[in-house]
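A short worksheet on the structure shown next.
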Amino acid sequence: MSDFKPLSEAISKGDVNAAVAETHRALEAGTSAQDILDKGLIATMNQVGDRFSSGQIFVPQMLRSARTMQECVKLLKPHFREGDVVSKGKVLIGTVKGDLHDIGKNLVSMMMEGAGFTIIDLGVDVPPEHFVEKVKEVDPDILGMSALLSTTMPAMADTVDALQKARVRNKVKIMIGGAPVTDKYAQKIGADSYASDAGSAVTRAKELLGIS
Ligand code: B1M
């Protein structure tokens, strides 16, 4: 079993060089990219979140850890590719209005891209009207929304309403996710699907489009 302690410490401290070196080391030692992601990177970010909640660290430290994690994720990206495949479908994705968290959304995008979907990423703090405009312009198969704050979750419902008002709701499947989001909430706001993590986002997306 791999020792993720040095990687975890580097991410906690926000030491990009050490974290990148540790990620390289783990890959070279044959550790799977999935294990590095789950047991090294995501597990550490959860600890960082707990330290923030308990007042041991503040936003600047959390941000440094987040940036460090993003650099490590870049190294893992090529390992999640299934190869050059014909696109399984177009996915328009973004973090909802008022929300700046993008690590989870980026992981979902990366996994979906690796599984053969074409990703159009609108970034963070995306207002409902921008989602609507892009749905009309891009005509995606799936619209993915991410929210990490309980205060920004209602923006998902607002976006579904805006799509309805613009008469484009039925043109696209809607998938939502993010730490405070639940299956029940997805049903409540009329989304088509909820995924709890990046791996299941790929499975749910394939289910939505009836592909394997
Ligand atoms: Co923020 N933050 N943050 N933060 N932050 C949380 C979310 C929080 C839980 C921390 C805490 O208090 N314990 C808390 C939210 C409380 C709540 O609302 N319930 C919080 C807060 C309060 C805040 C601020 C308000 C702090 C402040 O300013 N006082 C502020 C808000 C800014 C804003 O958005 N307007 C803020 C700011 C930040 C930073 C900018 C410093 C930074 C974000 C940097 C960035 O993303 N570029 C940050 C971070 C890093 C976190 C924590 C520590 C980590 C989030 C993360 O990246 N996790 C977080 C605590 C935590 O989650 N433990 C916290 C790793 C990531 C892989 O997981 O995003 O859950 P996650 O994504 C998963 C799944 O959820 C799912 O798949 C992903 C991969 O498996 N998923 C989807 C996500 N989107 C999906 C979409 C899908 C399907 C699945 O379909 C489309």
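Order of listing sets the numbers, starting from 1, for every ligand and every atom in it.
- Residues Thr182 and Met153 have side chains not in contact (no heavy-atom distance under 4.5 Å, counting atoms from C-beta outward).
- Given atom 76 (C) of ligand 1, the protein heavy atom at minimum distance is Ser196 O, 3.5 Å.
- For the atom pair OG (Ser196) and CZ (Arg204), the distance works out to 7.5 Å, reported to the nearest 0.5 Å.
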When the side chains of residues 116-128 are checked against the rest of the protein, which donor-acceptor pairs come out under 3.5 Å, sequence neighbours left out?
from: Thr118; atom 1: OG1; to: Ser87; atom 2: OG; distance (Å): 2.7
from: Asp121; atom 1: OD1; to: Lys105; atom 2: NZ; distance (Å): 3.0
from: Asp121; atom 1: OD1; to: Gly123; atom 2: N; distance (Å): 2.8
from: Asp121; atom 1: OD2; to: Lys105; atom 2: NZ; distance (Å): 2.8
from: Asp125; atom 1: OD1; to: Gly98; atom 2: N; distance (Å): 2.7

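- Considering only heavy atoms from C-beta on, Met156 comes within 4.5 Å of Val181 through its side chain.
- Nearest non-hydrogen protein atom to atom 33 (C) of ligand 1 is Leu100 N, 3.5 Å.
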Run the salt bridge (charged side-chain N to carboxylate O under 4.0 Å, His left out) check on Lys5 and Glu9 step by step: do they pass?
-> CA-CA 6 Å; Lys5 201 162 170 242; Glu9 280 175 2; 3.8 Å; yes
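- Remark: ligand 1 atoms within the under-4.0 Å shell around heavy atoms of Asp197 are 76 (C), 77 (O), 80 (O).
- Proximity of Gln70 to ligand 1, defined as any heavy-atom pair under 4.0 Å, is confined to the side chain (atoms from C-beta onward).
- Using a 4.0 Å cut-off to heavy atoms of Ala66, the atoms of ligand 1 that qualify are 44 (C), 50 (C).
- Put simply, atom 27 (C) of ligand 1 has protein non-hydrogen atoms near it, under 4.0 Å away.
- The closest protein non-hydrogen atom to atom 40 (C) of ligand 1 is Leu63 CD1, 3.7 Å.
- Under 4.0 Å from ligand 1, not a single heavy atom of Val181 appears.
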Go through the steps for Gln34 and Ser32 under the test side chain to side chain donor-acceptor pair (under 3.5 Å), then give the verdict.
-> CA-CA 5 Å; Gln34 192 68 56; Ser32 76; over 6 Å; no
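- Counting heavy atoms closer than 4.0 Å to ligand 1, residue Val108 contributes side-chain atoms (C-beta onward) but none from N, CA, C or O.
- Both the backbone and the side chain of Ile103 come within 4.0 Å of ligand 1, judged by heavy-atom distances.
- The distance from the NZ atom of Lys13 to the OG atom of Ser8 is 10.5 Å, given to the nearest 0.5 Å.
- Side-chain contact between Pro140 and Val135 is present, with at least one heavy-atom pair separated by less than 4.5 Å.
- Atom 72 (O) of ligand 1 has Gly104 CA, 3.2 Å as its closest protein atom, hydrogens excluded (heavy atom only).
- Legend: residues meeting salt bridge (charged side-chain N to carboxylate O under 4.0 Å, His left out) with Lys134, ordered by chain and number and at least two apart, are Glu137.
- Atoms CG and OG1, from Leu63 and Thr68 in turn, are 9.5 Å apart once rounded to the nearest 0.5 Å.
- For the pair Leu76/Leu41, a side-chain contact is recorded, criterion being any heavy-atom separation below 4.5 Å from C-beta on.
- In terms of protein heavy atoms, atom 18 (O) of ligand 1 is closest to Ser150 N, 2.9 Å.
- Protein heavy atom nearest atom 35 (N) of ligand 1, with residue, atom name and distance: Gly98 O, 3.0 Å.
- Contacts between Pro180 and ligand 1, counted as non-hydrogen atom pairs separated by less than 4.0 Å, are absent for every part of the residue.
- The CZ atom of Phe4 sits 6.5 Å away from atom NZ of Lys39, with the distance rounded to the nearest 0.5 Å.
- Protein heavy atom at the shortest distance from atom 45 (C) of ligand 1 is Asp102 OD1, 3.4 Å.
- The shortest N/O to N/O separation between Ala198 and ligand 1 falls below 3.5 Å.
- Ile36 pairs with exactly one of Leu75, Ile42, Thr31 by the side-chain contact (heavy atoms from CB on, under 4.5 Å) rule, that one being Thr31.
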Salt bridge (charged side-chain N to carboxylate O under 4.0 Å, His left out) evaluation trace for Glu22 with Arg25 | CA-CA 5 Å; Glu22 277 303 321; Arg25 192 199 53 73; 2.8 Å; yes
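- Counting atoms of ligand 1 from 1 in the listed order, those under 4.0 Å from a heavy atom of Asn46 are 63 (N).
- Applying the salt bridge (charged side-chain N to carboxylate O under 4.0 Å, His left out) rule to Lys165 yields no partners; only residues at least two apart in sequence or on another chain are considered.
- For atom 43 (C) of ligand 1, a protein non-hydrogen atom is found at a distance below 4.0 Å.
- Any N or O atom pair closer than 3.5 Å counts here, and Ile42 shares no such pair with ligand 1.
- Residues Met69 and Thr44 fail the side-chain proximity criterion, which asks for heavy atoms closer than 4.5 Å.
- Counting only protein N, O or S atoms, the number found under 2.8 Å from atom 1 (Co) of ligand 1 is 1.
- Proximity to Asp99 (heavy-atom distance under 4.0 Å) selects the following atoms of ligand 1: 34 (O).
- Residues Thr203 and Glu207 form a side-chain contact, since some pair of their non-hydrogen atoms from C-beta on lies under 4.5 Å apart.
- By the definition of a contact as any protein heavy atom under 4.0 Å away, atom 8 (C) of ligand 1 is not in contact.
- Between Asp50 and ligand 1, not a single N/O pair is under 3.5 Å apart.
- Set against the non-hydrogen atoms of Gly144, the atoms of ligand 1 under 4.0 Å away are 91 (C).
- Checking only distances, Ser53 does come within under 3.5 Å of ligand 1, N or O to N or O.
- Nearest to atom 81 (N) of ligand 1 among the protein's heavy atoms is Gly178 N, 3.5 Å.
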Step-by-step side-chain contact (heavy atoms from CB on, under 4.5 Å) determination, Met111 to Leu37 = CA-CA 12 Å; Met111 292 295 208; Leu37 181 65; 3.8 Å; yes
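- A 4.5 Å side-chain heavy-atom check between Leu143 and Leu163 finds at least one atom pair inside the cut-off.
- Comparing Pro60, Ser200, Ala179, Gly177 against atom 87 (C) of ligand 1, the shortest heavy-atom distance belongs to Gly177.
- Of the heavy atoms in Ser65, none comes closer than 4.0 Å to ligand 1.
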